[in-house]
Amino acid sequence: MMNMIEEAIIYATLMHQGVVRKFGGNPYILHPLEVAQIISTMTDDEEIITAGILHDIVEDTDGTLEEINKRFGDRVAMLVNSESENKYPQEDESASWKKRKEESILVLKNSNDTGVQMLWLADKLSNIRSLAGIFSEKGDKVWDSLHQKDPDMHCWYYRSVAEATELKLNRTGAFKEFIKHINFIWPGTFDSVKTRYRKYKKVSLEGAHFLARGKKGDVYRYDDETVIKVFNDNNTYADVERELAHSRKAFVLGMPTVISFGIVDADGRYGAMYELMKSHTLSEMIAKSPGRVDVYAALMADLAHSIHSITVTDEDGFPRAYDRLREYIREGIDLCNSSLAEKCMDLINDLPQTNTLVHGDFHTGNVFLRDGEEPVLIDLDRLSSGHPIVEISDLYYFYVVLGENDPAVVEDFMGFSYDTSGEFMDAFLECYLDTQDKEKINDVKEKAAFICYIRAVHRICKNVSLSKEDEELIDVYTEKISKLADKLDGLTFN
């Protein structure tokens with residue numbers, strides 16, 4: 001009786017019969033067999049190896065996922081599906097190339113299955129072996145024969161696969177070979193250290209005390225001396241390294257922060273460890289003593305002044321905060337109201353091109369207070385330069401706008417009540433602006449709210465499909481944006 005792998009070889013050979021590879025003209029079946037062989041150097045799991053043999057069936061033949069599921073089981077079908085692109089038959093392949101690759105990379109980044117990562121790495125290694133061989137003979141002429149003729153786009157794609165598989169597979173020979181081929185075609189893409197074995201220290205979050213949640217990940221108290229930021233599944237080592245580089249640079253510039261002393265494997269996700277003895281987040285302290293919210297708001301205002309007193313240069317390498325706001329408009333409000341989007345863009349473009357440092361994710365969950373010491377910041381991946389209204393709008397988003405329709409969202413995020421959150425925001429603005437003038441404070445609130453509602457529309461538009469509730473909420477936010485856009489003559493404040 002044939003085993004699963006033998007049956008898959010026969011099935012794939014029949015399905016790919018008569019088809020040849022783009023490079024070299026060899027029978028196509030040699031590619032899936034090579035993918036299976038590469039997988040076998042990383043695991044003896046028959047289902048993953050079988051998926052390697054079958055990975056192009058759905059994408060390139062008349063075979064269906066249902067047939068694979070029936071013949072080889074659920075997991076093999078799931079693995080094959082993870083590698084099967086949406087073809088967009090109504091569009092030219094060259095035109096849809098980037099869209100198809102972006103969608104497929106997202107599948108890889110969001111998967112926790114090591115088998116998916118092995119399958120992807122093996123497939124792309126097989127492809128880049130062929131590409132590197134032809135590139136060594138033809139050089140840049142190789143791109144002329146491909147649907148995507150921009151070599152930088154191919155570099156982005158292969159680099160993205162490497163970044164998404166590095167944590168779990170960097171110790172395999174397949175990963176090391178993959179990096180070497182990338183660096184051969186696009187020299188300098190990866191530091192040579194990436195071609196060596198690397199073993200991250202493994203830590204378990206079991207029993208760790210949850211402290212705070214941010215856009216990029218969660219923060220835990222790991223032990224009495226250490227906290228660890230655990231990054232979301234779709235973050236790569238490049239994201240982690242960028243944040244740590246920003247942290248070091250910010251420390252040199254005078255921002256009160258701590259330097260991570262290592263990247264770890266935290267239950268299969270990247271983690272950055274920080275030495276923070278006897279420290280608590282301000283969110284914890286507000287939750288414990290909500291009657292002292294004005295004290296903590298004053299502390300946050302002083303911290304904001306400290307950040308905004310730092311001037312950066314282009315050489316420091318921080319992005320412009322306004323680029324993030326423009327993205328909110330392009331990928332949000334512009335999709336449903338282009339004329340309003342133009343008004344929004346005009347107001348953003350009128351902001352002065354200041355070199356003021358802004359944190360970009362400034363809230364009490366990212367601020368630690370050590371006993372008898374000054375507060376320190378973590379979560380620095382969104383450091384940028386721009387006007388402080390961007391920072392204030394982030395605060396207003398976290399403490400006010402997120403909870404307007406459901407206060408529990410802010411309460412879950414911050415750990416204290418929505419009423420306390422509003423009190424904090426008011427007290428912060430009084431301290432930051434050094435005024436109790438309600439008119440002046442309300443003016444800044446409106447400018448912050450304008451940016452917040454743009455951000456809220458963008459967040460909803462990122463959903464794969466919009467529910468009726470989503471559409472109704474977009475209408476509410478759009479109306480608010482429209483009224484504020486007509487009212488505001490600028491977004492700056494004194």
Side-chain angles (χ1 to χ4, degrees), residues 214-215 243 245-258 281-283 294-326 328 347-369 373-401 424-437 440-452 455 488 490-494:
K215 180 178 175 61
E243 175 166 335
H246 279 184
S247 176
R248 290 188 291 269
K249 197 171 296 182
F251 182 82
V252 171
L253 289 169
M255 178 181 282
T257 186
V258 289
T281 67
L282 282 190
S283 287
D294 56 333
V295 174
Y296 299 125
L299 189 152
M300 281 289 282
D302 287 343
L303 186 56
H305 281 302
S306 176
I307 298 169
H308 302 158
S309 69
I310 299 172
T311 300
V312 297
T313 66
D314 291 341
E315 286 70 28
D316 290 317
F318 296 118
R320 293 284 181 181
Y322 309 150
D323 291 340
R324 172 162 61 98
L325 306 187
R326 294 185 184 103
Y328 291 160
L347 282 165
I348 298 302
N349 290 338
D350 283 343
L351 281 164
Q353 294 298 311
T354 61
N355 289 321
T356 302
L357 186 65
V358 294
H359 181 271
D361 199 14
F362 190 59
H363 60 76
T364 49
N366 280 334
V367 179
F368 283 81
L369 191 63
E373 297 185 28
E374 295 296 317
V376 293
L377 282 153
I378 64 167
D379 213 355
L380 305 181
D381 66 294
R382 297 180 77 169
L383 279 177
S384 50
S385 63
H387 193 278
I389 189 60
V390 179
E391 198 92 276
I392 293 175
S393 76
D394 286 338
L395 274 170
Y396 199 78
Y397 182 77
F398 292 131
Y399 293 96
V400 180
V401 171
F424 170 86
M425 190 70 228
D426 288 341
F428 172 86
L429 286 174
E430 285 189 10
C431 294
Y432 184 83
L433 299 172
D434 192 23
T435 184
Q436 292 186 338
D437 184 331
K440 182 175 181 180
I441 291 173
N442 189 61
D443 175 66
V444 174
K445 280 185 177 180
E446 287 184 336
K447 290 170 179 176
F450 172 75
I451 296 173
C452 288
R455 178 176 181 174
L488 299 173
L491 298 176
T492 60
F493 59 88
N494 297 322

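One-based numbering along the sequence shown. Given the structure is predicted, the values throughout are model-derived calculations rather than measurements.
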Under 4.5 Å between any side-chain heavy atoms of Phe493 and Pro388, yes or no?
yes
Starting from the C-alpha separation in whole Å, work towards a yes-or-no answer on side-chain contact (heavy atoms from CB on, under 4.5 Å) for Lys249 and Val312.
CA-CA 10 Å; Lys249 197 171 296 182; Val312 297; over 6 Å; no
After noting the C-alpha distance and the side-chain angles of Val444 and Ile441, does the key distance pass the side-chain contact (heavy atoms from CB on, under 4.5 Å) rule?
CA-CA 5 Å; Val444 174; Ile441 291 173; 6.0 Å; no
Here the gap from Tyr328 atom OH to Cys452 atom SG, rounded to the nearest 0.5 Å, amounts to 9.5 Å
Nearest heavy-atom contact between Leu383 and Pro319 is O-CD, 3.4 Å
Output for pair (Leu395 CG, Asp361 CG), nearest 0.5 Å, gives 10.0 Å
On a heavy-atom basis, the closest approach of Ala297 and Phe424 is CA-CE1, 3.6 Å
Paired with Asp443, the side chain to side chain donor-acceptor pair (under 3.5 Å) test is passed by just one of Lys440, Lys445, Lys447, namely Lys447
Give every donor-acceptor pair under 3.5 Å between a side-chain atom in residues 298-307 and any protein atom, sequence neighbours left out.
| unit_1 | atom_1 | unit_2 | atom_2 | d |
| --- | --- | --- | --- | --- |
| His305 | NE2 | Tyr432 | O | 3.0 |

dist Leu433:CG -> Phe428:CZ (nearest 0.5 Å) comes out at 8.0 Å
query: Is Leu377 close to Val367 at the side-chain level, that is, under 4.5 Å between some pair of heavy atoms?
result: yes
Discussion item. Would you say that more than 12 heavy atoms from the other residues, nucleotides or ligands in this model lie under 6.0 Å from the CD of Gln436, or not?
Written reply: no
Open item on the list: I want to check something: taking the side chain as every heavy atom from C-beta on, are Arg324 and Arg455 in contact at a cut-off of under 4.5 Å?
Closed with: yes
Contacts of Phe398 meeting ring pair (Phe, Tyr, Trp, His ring centres under 6.0 Å) (sequence neighbours excluded), chain-then-number -> His363, Phe413
Note: Val358 and Gly386 closest approach over all heavy atoms is CG1-O, 3.9 Å
Exercise. Does any N or O in the side chain of Asp316 come within less than 3.5 Å of the main-chain N or O of Thr313, such that one atom is a donor and the other an acceptor?
Worked result: yes
Looking only at heavy atoms, the pair that brings Asp394 and Gly360 closest together is OD2-O, 3.3 Å
Value for OG1 (Thr364) from OH (Tyr296), rounded to nearest 0.5 Å, stands at 11.0 Å
Counting distance only, does the side-chain N/O of His359 pair as donor-acceptor with the main-chain N or O of Asp379 below 3.5 Å? yes
In short, Val258 meets Ile378 closest at the heavy-atom pair CG2-CG2, 4.0 Å
| said: Using the ring centroid of each side chain, check whether His387 and Tyr322 are separated by less than 6.0 Å. | reply: no
Rounded to the nearest 0.5 Å, the CG atom of Asp350 sits from the OG1 atom of Thr492 at a distance of 9.5 Å
- prompt: Is any side-chain heavy atom of Phe318 closer than 4.5 Å to a side-chain heavy atom of Leu253?
  reply: yes
For Ile389 and Ala448, the nearest pair of non-hydrogen atoms, with its separation, is CD1-N, 4.0 Å
Here the gap from Leu325 atom CG to Arg320 atom CZ, rounded to the nearest 0.5 Å, amounts to 13.0 Å
